[in-house]
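Let me begin by presenting the structure, written as structure tokens, before commenting on it.
In what follows, every chain begins at residue 1, and chains take the letters A, B, ... in the order their sequences are listed.
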Amino acid sequence: MTVRTRFAPSPTGALHVGGARTALFNWLFARSQGGKFILRVEDTDQLRSTDEAVKAIYDGMDFLGLDWDEGPKADGSFGPYMQTERLHIYKEYADKLLKEGKAYYCFCTTEELNKQRKEAAEKKEAPKYNKTCTKLTQEEVQNRIKNGLPYVIRFAMPESEKIEIDDLIRGKVVFESDLLDDFVIMKSDGFPTYNFAAVVDDHLMQITHIIRGDDHLSNTPRQIALYEAFAFELPKFAHIPMILGNDKKRLSKRHGATSVIAYKDMGYLPEAMINYLARLGWGHKDEEIFSREELLKMFSLDGVTKNPAVFDVEKLNWLNGQYIRKAIPERIVDFCEPLLINAYGDHDIKHISKIVSLFLDRLVVIPDIVELTEYFFKDNFTFTEKALNNLKKEGALQILKELKEKISNAESFNKEELEKAFKGLAAEKGVKLGVIIHPCRAAITGRTESPGIYDVIEVLGKEKVLERIDKALVS
RNA sequence: GGCCCUAUAGUCUAAUGGCUAGGACGCGACCCUCUCAAGGUCGAGAUACGGGUUCAAUCCCCGUUAGGGCUACCA
């Protein structure tokens, strides 16, 4: 039997990191097993689902390179893959349950249900539906429907049953059916609820492995009861731990960016994101850096941990730096170019490329390039206080003057010649190199830190360098 | 409240009964060095607590505590 997994997001917002990690694990598992990865959009919440969110999910998947074998915008013989296009299917299956007496119509209003729940809470009982509507006769039910009373369809939960989940990650988990109530499977708007639609679709789409967040573990017994009512074959379940914020609470906007697109916009590379997400809740020996190919080779469900993981942007930062350094420089230049042009106006790509290459070791995220390179693009760059102090130091201006003489006479303005000039001057004056370099750096960059000074001078060019030294001398 | 899940350093994890509990991020120091990075070396830092089982428990069992989830006509 070939493996079939699915990622089934509800389009109520951007693809967040938790969802992305679930998608990743499903993708990795299916592809590493030679199986199929399916995308199904669970858009049955009419209030919260939006087309923009569907698009946002595609964008997030696209950024991470998680492509699906079947789903919207792809082929597949188990479609449609948007749940709202499958309404007739859910109705058919609900009717089947109705006919077999495994489900029933319910006309209770929200107010009535709230009242029931409140009463149950006061009596310290489980807030279960009290089955009022099971007492209705066939006739009463038909009449109410005829009269246009709104209704839902409830699943008749079997009594006194033990429902066992054999979870691939958690092992055996047992629930008592008596603690579960007759949950709604079809809403009054004719749309299915999550637990119902998921079961029908997972069966029809022949999903073999349901890999999803831990938060669904408690929903699983309801779904298993449904599988049993339909006599569907049970898929394998694998509940992966959730991703939490630094306060160990469910990750939310309060913790900062949560959508993968936000991370894209902040300048994180997709391979860094994939690597980081893979390591949240999964590990393999002592290794930290995994290419997509390596993940495909090494990923397995028994490497998945049970405990929740805190999203740590510091580690993501480190990984991103690793991947920036590992990347083909031209690719990083391509990422930087539009940001630099946007900040400093049009510049020759060759010039930009030279500048960016000086900063490859210094980037944590791509947009760092903008602030780091200001003095390459602007002549009225700002001076830091420390840099100003370096220029005020005794002898600083004198040495700058001599440096200017020296390099303006240099035969050519390349790194090697410059180094010779600096070292020559240092030897003549009997001072350490830093005594020359520090004021020079301050004068031409306005800062106390930069790439190697010879590199900076070379890329900046003779004219600008001499100009800046002059400016420092007169001020 | 009920039910369920989880528990190795600040964080991500390795080690599933047996050497000084391993690696990574972060942190500190040092090296390299013109600065900042990058890179290298070293260091501090953990088995939540209490009971069992066992010759031996991070590991198995029970309890406590803590955190999380479900308990919707959300998914």
Side-chain angles (χ1 to χ4, degrees), chain A residues 8-12 42-49 83 106 108-110 113-114 117 120-121 124-128 150-154 165 167 169-170 173-176 179-181 183-189 191-195 197-198 212-222 239 241-242 244 246-250 276 279-289 303 305-319 321-322 325 359-364 372 386 390 419 422 426 432-438 440-442 445 447-454:
Chain A
S10 62
T12 55
E42 307 215 327
D43 53 351
T44 56
D45 183 337
Q46 294 201 74
L47 282 176
R48 301 196 304 150
S49 298
Q83 289 190 324
C106 171
C108 294
T109 62
T110 312
L113 292 170
N114 285 341
R117 270 186 215 110
K124 301 215 165 171
E125 284 170 1
K128 278 173 63 174
Y151 63 85
V152 300
I153 299 173
R154 285 182 185 274
I165 303 170
D167 193 275
I169 292 163
R170 267 141 237 283
V173 184
V174 185
F175 292 83
E176 298 285 339
L179 266 5
L180 272 16
D181 71 351
F183 61 93
V184 173
I185 57 173
M186 293 293 278
K187 307 183 232 178
S188 55
D189 61 4
F191 281 47
T193 58
Y194 160 71
N195 279 308
R212 73 206 337 177
D214 216 353
D215 46 335
H216 290 297
L217 186 59
S218 302
N219 278 319
T220 309
R222 286 174 245 279
H239 287 95
M242 303 190 50
L244 308 177
N246 49 15
D247 54 0
K248 306 248 180 179
K249 300 240 184 284
R250 195 181 200 139
Y276 181 66
R279 287 285 290 103
L280 278 185
W282 176 81
H284 184 262
K285 298 188 183 166
D286 279 350
E287 294 166 49
E288 292 291 344
I289 309 274
T305 57
K306 299 179 185 181
N307 45 317
V310 173
F311 190 89
D312 177 20
V313 79
E314 291 293 339
K315 187 151 181 182
L316 210 210
N317 284 342
W318 170 75
L319 268 172
Q322 294 292 313
R325 262 153 252 139
F359 289 90
L360 258 15
D361 282 348
R362 277 156 258 254
L363 296 179
V364 173
L372 251 17
K386 277 185 185 172
N390 275 357
E419 185 164 358
F422 272 73
K432 285 203 274 187
L433 254 186
V435 174
I436 306 170
I437 287 174
H438 293 153
C440 174
R441 169 173 287 118
T445 72
R447 311 183 185 204
T448 51
E449 70 284 331
S450 79
I453 198 72
Y454 312 126

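Relative ring orientation between A:Y194 and A:H216 is described as tilted, the plane-to-plane angle lying within the 30° to 60° band.
Among B:rC73, B:rC12, B:rC5, the nucleotide with an atom closest to any side-chain atom of A:V152 is B:rC73. For A:D286, whose side chain is taken as the heavy atoms from C-beta onward, the closest listed nucleotide among B:rC73, B:rC70, B:rG23 is B:rG23. The A:E449 side chain lies nearest to B:rU35 when the options are B:rU35, B:rG67, B:rU6. Considering only the side chain of A:R362, B:rA37 comes nearest among B:rC5, B:rC70, B:rA37. Checking B:rU11, B:rC73, B:rG69 against the side-chain heavy atoms of A:R154 singles out B:rC73 as nearest. Here the side chain of A:P308 is nearest to one of B:rU6, B:rC73, B:rC36, namely B:rU6. In this structure, the nucleotide among B:rU11, B:rA14, B:rA38 sitting nearest to the side chain of A:T305 is B:rA14. Each of B:rC4, B:rC73, B:rC34 was ranked by its minimum atom distance to the side chain of A:L433; first place goes to B:rC34. Comparing atom distances between the A:L179 side chain and each of B:rG2, B:rC36, B:rA75 picks out B:rG2 as nearest.
Within the 3.5 Å criterion, the main-chain N or O of A:T44 finds a donor-acceptor partner in the side chain of A:K187. Under the 3.5 Å distance criterion, the side-chain polar atoms of A:T445 are matched with a main-chain donor or acceptor of A:R447. Between the side chain of A:R222 and the backbone N or O of A:L180, no donor-acceptor pair lies under 3.5 Å. For A:S49 (side chain) and A:Q46 (main-chain N/O), no donor-acceptor pair under 3.5 Å exists by modelled atom type. Listed for the A:D43 side chain is a donor-acceptor partner under 3.5 Å among the backbone atoms of A:Q83.
Ranked by how close their nearest RNA chain B nucleotide is to the 5' end, A:S450 and A:E287 are led by A:E287. Mapping A:E42 and A:I169 onto RNA chain B by nearest heavy atom places A:I169 at the nucleotide closer to the 5' end.
Across all strands shown, B:rG63 is found opposite B:rC49 as a Watson-Crick or G-U wobble partner, with both distances under 3.5 Å. Using Watson-Crick or G-U wobble geometry with both donor-acceptor distances under 3.5 Å, B:rG17 finds no partner in any strand shown. When both distances must be under 3.5 Å, the Watson-Crick or G-U wobble mate of B:rA44 does not exist. Across every strand in view, B:rG26 sits unpaired, with no contact that passes the Watson-Crick or G-U test at under 3.5 angstrom. Across all strands shown, B:rU58 has no partner, as no Watson-Crick or G-U wobble contact with both distances under 3.5 Å is found.
Considering every non-hydrogen atom in both A:A309 and A:L280, the closest pair reads CB-CD2, 3.7 Å. Of all heavy-atom pairs between A:S188 and A:V152, the closest is N-CG1, 3.7 Å.
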Open item on the list: Quick one, A:R250 with A:D215, criterion salt bridge (Lys or Arg N to Asp or Glu O under 4.0 Å). Give me CA distance, side-chain angles, the key distance, then yes/no.
Closed with: CA-CA 10 Å; A:R250 195 181 200 139; A:D215 46 335; 3.1 Å; yes
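Per the geometry, CG belonging to A:N307 stands 18 Å off P belonging to B:rU58, to the nearest Å. Put simply, CE on A:M242 is 11 Å from P on B:rG68, counting in whole angstrom units. One atom, CG of A:L47, and another, P of B:rA72, lie 18 Å apart when rounded to the nearest Å. One interatomic measurement links the two molecules: CG of A:N317 to P of B:rA37, which rounds to 15 Å at whole-angstrom precision. Taking atom CG of A:L280 as the reference point, atom C1' of B:rA24 lies 13 Å away to the nearest angstrom. Between A:N114 atom CG and B:rU71 atom P there is a gap of 15 Å when expressed in whole angstrom units. The nearest whole Å value for the distance from the CG atom in A:D214 to the P atom in B:rU6 is 8 Å. In this structure, A:L217 places its CG atom 11 Å from C1' of B:rC3, rounding to the nearest Å.
Dashed line: the shortest gap from a side-chain N or O of A:K386 to OP1 or OP2 of B:rU35 is not under 4.0 Å. Side-chain N/O atoms of A:R117 include one lying less than 4.0 angstrom from OP1 or OP2 on B:rA72. For B:rG67, neither phosphate oxygen OP1 nor OP2 lies less than 4.0 angstrom from any side-chain nitrogen or oxygen of A:K249. Residue A:R250 has a polar side-chain atom (N or O) positioned under 4.0 Å from OP1 or OP2 of B:rG69. OP1 or OP2 of B:rC74 sits under 4.0 Å from a side-chain N or O of A:K187. Put simply, A:T44 has a side-chain N or O that comes within less than 4.0 Å of OP1 or OP2 on B:rA75.
With sequence neighbours excluded, no residue forms a side-chain hydrogen bond (donor to acceptor under 3.5 Å, both in side chains) with A:T193.
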Sort me out a list of protein N/O and nucleotides 25-33 of chain B N/O pairs below 3.5 Å, or just none if empty.
{"from": "B:rC25", "atom 1": "OP1", "to": "A:W318", "atom 2": "NE1", "distance (Å)": "3.4"}
{"from": "B:rC25", "atom 1": "O2'", "to": "A:E314", "atom 2": "O", "distance (Å)": "3.4"}
{"from": "B:rC25", "atom 1": "O2'", "to": "A:K315", "atom 2": "N", "distance (Å)": "3.3"}

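For the C1' atoms, the distance from B:rC36 to B:rG43 is 24 Å, rounded to whole Å.
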